[in-house]
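Below: one structure, written as C-alpha cells.
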Amino acid sequence: MQSGDTIDLHISGVAHGGVFVARHEGRVVFVPDALPGETVRVRITDVKKSFARAEALEVLDASPDRRAHVWEQADIAHAPEQRPGGADFGHIALPRQRALKAQVLSEAFEKFAGTSLDVTVRGPEEVLGADHPAVQGTEEGTRYRTRISLHVDGEGRIGPYAARSNTIIPVTSHPLATLDIEAVALAVRKAPEGRLDLVQPSDGQVRTIRRPAFTGDKRRRFAPRPEKAAPEVIQEVVGDREFRVDAGGFWQVHRAAAATLDSAVRAALGELSSDAWHLDLYGGVGLFAAAMGDLAGSARITTVESEARATAHARYNLEMFGAEAVTARVDRFLARLAHQATDLDREMLSRGVTLLDPPRSGAGKEVVAGIAGLAPERVAYVACDPVALARDIGYFREAGYELTSLEAFDLFPNSHHVEALAVLSR
Ligand SMILES: C[S@@+](CC[C@H](N)C(=O)[O-])C[C@H]1O[C@@H](n2cnc3c(N)ncnc32)[C@H](O)[C@@H]1O
C-alpha cells in the first residue's frame with residue numbers, strides 16, 4: 001500500500017475523531033466520510049508502520065443510514081480537498097450519529113478507564129423537552145451554532161477550512177449556524193487576513209470579532225502597541241439567569257447547550273451540602289458554579305479559571321451566592337490548596353463536590369491527583385473529548401473513586417463531537 005493508491009475497502013468500525021475503520025494488508029486504515037458496513041473507494045493519503053489514512057472518493061455499497069449530506073458542499077460527490085470541514089457526520093442519519101458517538105464513548109471507557117458501561121447519547125430536545133425555545137428549528141441537527149469561525153487568507157478568500165487542512169473553502173451556505181449567523185457570514189466580502197468569529201448571544205444580534213493574523217515585523221514586537229478597545233461584553237441567558245461573558249470569550253456553541261448541561265448537572269448532583277466547600281474548576285464565567293449555588297444554599301463555592309476577564313465576569317455572575325472566583329491555572333490552584341488548606345478546609349472539601357470542565361485535552365494525571373488529594377465526596381466531570389475523559393476516569397478509579405453515572409449529550413450534531421457528564425464518588 002502506497003500513498004496515492006486507489007483501493008476499495010470494507011468499513012468495519014468507527015474510531016475517535018470522526019473517522020471510520022477498515023483493514024488492508026495488515027494495517028488499520030482510517031477513512032472519513034464513510035459508515036460501518038459500507039464498501040468505499042478510497043485514495044490512500046498517508047502510510048505509517050501500523051496504520052494508514054485515506055480519503056473517501058465514492059461509495060460502492062451504501063449503509064441504510066447514509067443520507068444526503070446536510071452541507072451539500074461537504075458531500076462525497078465533491079473532491080475531498082473541496083469539502084468544508086466541521087460537519088464530518090453530516091452524511092449520517094441523526095439517530096445513527098448518536099449511536100456511533102455512544103459506541104466511541106463506551107469503547108474509550110473500556111480501553112482507557114478499565115470499565116465498560118452502556119451509554120446513551122441524548123439530544124438537547126430529550127433533556128429540555130421538544131417545546132424548549134432553544135431547540136426549535138434544530139430538529140435535523142442544523143441551525144444550532146451560535147458561534148462559528150471563518151478564515152481569511154492573503155488572497156482575500158473567506159470561509160471555513162477544508163476538512164483536515166488549512167485551505168479556505170468559499171461556501172454558499174452554513175447549515176449548522178443559526179440563520180442570522182449564516183446571513184452575516186455570507187455577506188462578508190472583505191476582511192483582513194486572519195480569523196473572523198461570528199457570535200450570536202441571547203439578544204439575537206450577531207457580533208463579528210476580527211482576529212487579524214500577525215503580519216508585522218517580528219523584530220518590532222516589543223514596540224508599544226496601539227491602545228486596544230476593551231472587548232465587548234454580552235449577556236447569555238440560561239433559564240431565568242443571566243451571565244456576562246466577553247463576546248469573544250468561552251461560551252457553549254449550541255444554542256441549547258448551556259441549558260442542557262445546566263439541567264444535567266443539577267439532576268445528576270441533586271441537593272448539595274450547605275455545610276461544605278464546592279469547587280468549579282475550569283469554570284469560565286461561572287455557569288456550573290451558579291447551578292451549584294442554587295443546589296447548595298449557603299455553602300462555600302469557589303470557581304477557578306485561567307482567563308482573568310472570565311473570572312471577573314464570574315465574580316459578577318455569582319455575586320448572589322457570595323462565591324469566590326479565582327484566576328489561576330487549575331494545577332497551580334490545587335497545588336497551593338494542598339499546602340495551605342486548614343483542617344477545617346479539608347473537612348469541608350471532603351464533604352463537597354468538585355466539578356471540572358476542562359478543555360479538550362482533559363485534566364490529566366496531575367490535576368486528577370490534586371483533586372483526589374482533597375478527597376471530595378463526589379466529582380462531576382463535564383467533558384468534550386471521550387478519550388481524554390476515559391483516561392482521566394481511569395486515573396480517578398486508580399485513586400479510589402468509582403464511576404456512578406455517565407451521560408452523554410449531542411451538542412454538536414452532524415459532527416463527531418460529543419459532550420459527556422461523568423459522576424464519581426469516593
Ligand atoms: C470547556 S471551557 C468550560 C467553561 C465553563 N465551565 C462553561 O461551561 O462555560 C474550559 C475553560 O477552562 C479554561 N482553562 C483552560 N485551561 C485552564 C487551566 N489550565 N486552568 C484553568 N482554566 C483553564 C478556559 O479558559 C475555559 O474557560
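Note that ligands are numbered from 1 as they come in the structure, with each ligand's atoms numbered from 1 the same way.
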Option with minimal heavy-atom separation from atom 17 (C) of ligand 1, where the choices are S306, A258, A310 = S306
Heavy-atom nearest neighbour in the protein, as seen from [atom], with distance rounded to 0.1 Å:
atom                    : result
atom 11 (C) of ligand 1 : E305 OE1, 3.5 Å
atom 15 (C) of ligand 1 : P359 CG, 3.5 Å
atom 20 (N) of ligand 1 : V330 N, 3.0 Å
atom 18 (C) of ligand 1 : Y282 CE2, 3.7 Å

Measure centre to centre between the rings of F288 and Y282, then say whether the value is under 6.0 Å.
-> no
Among the heavy atoms of G283, does any lie under 4.0 Å from an atom of ligand 1?
-> yes
Should A328 be listed as contacting ligand 1, given a heavy-atom distance under 4.0 Å as the test?
-> yes
Region of F250 that comes within reach of ligand 1 [heavy atoms, distance under 4.0 Å] | side chain
Among V233, I234, V199, find the one that has a side-chain contact (heavy atoms from CB on, under 4.5 Å) with V245.
-> I234
NZ on K365 to CG on D331, rounded to 0.5 Å | 15.5 Å
How about H313 and D246: does a side-chain donor come under 3.5 Å of a side-chain acceptor?
-> yes
Quick check: does D357 get an N/O under 3.5 Å from an N/O on ligand 1?
-> yes
Taking side chain as C-beta onward, heavy atoms only, is Q97 less than 4.5 Å from V121?
-> no
